[in-house]
Amino acid sequence: MKLRTLIILFTVLAITSLFVGVKDLRPWEMFSWTAEQQQVFWISRVPRLISIIIAGACMSIAGLIMQQLSRNKFVSPTTAGTIEWTRLGILVSMMLFAAAAPLVKMGIAFVFALGGTFLFMQVLNRIKFKDTIFIPLVGLMLGNVVSSIATYFAYRYDLVQNISSWLQGNFSLVLQGRYELLYISVPLAIIAYIYANRFTLAGMGEDFATNLGLNYKRVVTIGLIIVSLISASVVLTVGSIPYLGLIIPNIVSIYRGDHLKKSLMHTALLGASFVLLCDVLGRILIYPYEIPIGVMVGVIGSGIFLYLLLRRDAYAAAS
Amino acid sequence: MRLQAKIGWMIGASVVLIAMFLFVKLNPVNLDYVLPRRAAKITAIVLTGTTIAFASVIFQTITNNRILTPSVMGLDSLYVFIQSVIAFLFGTSSLFMQNANVNFLLCVVGMIAFSGVLYRLMFRRENQNIYFLLLIGMILGSFFSSLSTFMQVLIDPNEFLILQNKLFASFNKVNTDLLWLALIGTAAVGVYVYPYIKYFNVLALGKDHAVNLGINYDLVVKRLLLAVAVLVSISTALVGPILFLGLLVVNLAREFLPTYRHSYLIGGSILISIITLVGGQLVVERLFAFSTPLSVIVNFFGGSYFLYLLLRGNIAR
Amino acid sequence: MLEVKNLSKTYNGKKVVDDVSLTIRKGQITSFIGPNGAGKSTLLSMISRLITRDQGEVWLEGREIGSCDSKELARTLAILKQANHIELRLTIRELVSFGRFPYSQGRLNREDERHVDEAIAYMGLTDMQHKYLDELSGGQKQRAYIAMVLAQDTEYILLDEPLNNLDMKHSVQIMQTLRRMVQELGKTIVLVIHDINFASCYSDRIVALKDGRIVQEGSVEQIIDTDVLRGIYDLEIGIQEIAGQRICTFYA
């Protein structure tokens, strides 16, 4: 796929997204909209579009970084427990500081995400048998355990309703004034782009990277901080979007290779387009109701992941 | 003899716990109201424990592996998924939804068909990597449960709420409508599987040895898989999915009863399962006053134990 | 008599075993030799019904094995594959007792116990019969598995690379025992074996396979021959007669 095709696809989807919804907004009547229509457009549709783009692109980038750093195609915020740690963090922040500002909650969620992801990377280092399949399995298990801790506290403190809203990402709650935290991810994506070469190097292993004069530990730390911040801001504002960080980089890697600098733009655009597509579908399928994005991506994403796994297996069997 | 003594202790513990569940804080005033309810609930819990443990031992024996269980391979989620498909296809007011028994039987048929396909796809190939199977199973589980949510959302969301209440059980909301059917089903499976129990020890040696020793392998495995499908359907219909219970209790039984003889392992797993569930439910109901569902606690310990099993095997390598 | 007629097996479009027919004589050791991928193990597994065949027939004592009751078959023919990863914690005696399953279905009577005792004694494992398998060396483990097959008390014994991962001393021990089993107990043994010198020294007949087909079969004298071996292995193999045995030299 050429970058140009991807941009066209992305633009078409973005525009479609603006004009799909319960409230009829027709683009050709744009200049004769009533005040109410304009309001819907600016308070709901535009923020929704922006949040989809940021969340889709940044979660994909976060996945890509994790795959580079762990040298494993199947590691992502979904399969390393990052999302579950984030959720636990949000829960803790609600238990301890119920009235705290979003930024404080975000901070706590970030600390948990970072700690959890570091823990996972530590476990990864201690594992001798670095089977590509084994590592995501451990991550999923870890995520399961963390998630049951979170659920436990949620029940203890009557926060089940709240926690289930982060269980499934949902863009329908995105309104002006309630999603701006997501913007934090934008500079992070830019930093990721600047650091891209170094992540690729670090992905080749500590010895290799050190040999080329790279401060391995620092690069890994920066990478994980970016991943954790992105996850925290996305989960806090729109909820978790599973598998995104897993499948998008893998698809890009199939047709684009693994050099981060070459694949980063593709990953971001494809990620955003994918989420846009799912979101539009989710809004059309049971119109006037809406299927939450977490469900749409969960179905399509886990399906694609299964396909990737089986494909890898077929490939391994053939070679 | 020591094994028999251990089994004896476990039977004793189960009986005491069940009695406590039934009779603690019972008085003449609430007797008529409370006792039948408790009896129904405890029957459901014991049945669940039995079916999950039994299904897991059978599954581990066929797949020759200590960390695979039906739930981990996504069979629980498959049940919920089939349930949702039925609701989606036939609508909520149809006979298939309204009558719990008909609904259950339909689900069982679906389970048998699907798990046959699953087995064929995943276990028939030789030299299959166990971690690969596990990961596929986990993702399948997540795929099925997303699909279920998806279908449930597709049904009119308002109607769905009523449906959800009716169909999806948990430990605090045991589905007692199905009790008789579940009892009969479990007993039937027990009778059906009984002649095969003597094969279990040999099956556990692996396919090649089993065939060499004269077992009609394909036939036996197919029948056992059928039993697993029915057992999983029963437990999921009664209390909903509990991901790690089977794994936890069967492995505890293996640690506690160090023998290769499956008659002990089956009995031990079932008893440990009952002790865990009844004891756990007692603690949850009477101590935590229902604040946390038992399945959450079981999943925490089961998940941690699973992680330990994975890492232990790996780091020791 | 064990007779194989036109057996074939295809994996992923590749014929692993291609129209193989042969007759295995009673009371002898027959060895399958050939390079990697020749289809030796697949052939052995098909003969012993471990894997299904695409085509062909296997006749055992005048009956096609597909039509035999599996339990009955298990009293006539035993197979031991090379990879035996048993997850269970079993003692030698417990393992060997499994060999009696085709007779007793798990409930051993006195007759069964006697067979188990004999098999263990025959393989020289009596002193360590209550040791667990995971405490044994490779050679001891292999002997334990062979004891299990012996306890099965079948006329035909099929072994897939029984010397795999064994050192020289244990290899010689195993081969000598197999020889004794043929001489003293009248067993018929079929082996897949990689080391052609062991095949040469201990076999009565050798079947040479390549690319799924039989290249040649015959006595040791007929097969252990520079020209024949060249056709099988694409290698110049010199033959030396030492103490009445044909030894292949191919190291230099």
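Letters A, B, ... mirror the listed sequences (proteins, then strands); counts begin at 1.
At least one test fails for C:R107 against the ring of C:F101: distance under 6.0 Å to the centre or angle within 45° of the axis. B:K6 forms a cation-pi arrangement with B:F256, by the criterion of a distance under 6.0 Å to the ring centre and an angle within 45° of the ring axis. Geometrically, B:R223 does not engage B:Y192 in a cation-pi contact defined by less than 6.0 Å to the ring centre and at most 45° from the axis.
For B:Y217, no part lies near chain C; criterion is any non-hydrogen pair under 4.5 Å. When heavy atoms are compared at a cutoff of 4.5 Å, C:L158 does not approach chain B at all. At a 4.5 Å heavy-atom cutoff, the contact between C:L90 and chain B is made by side-chain atoms alone. For C:Q152, the part lying near chain B is the side chain, with the backbone staying farther off; criterion is any non-hydrogen pair under 4.5 Å.
Heavy-atom pairs under 4.5 Å with chain C were tallied for B:V202, B:T259, B:N216; the largest tally goes to B:V202. Of the listed residues (B:G214, B:G206, B:A210), the greatest number of heavy-atom pairs within a distance under 4.5 Å of chain C belongs to B:G214.
A salt bridge is defined here as a Lys NZ or Arg NE, NH1 or NH2 lying under 4.0 Å from an Asp or Glu carboxylate O, and C:E94 with B:R261 fails to meet this definition.
In this structure, B:L265 CG and B:I270 CD1 are separated by 11.0 Å, a value rounded to the nearest 0.5 Å.
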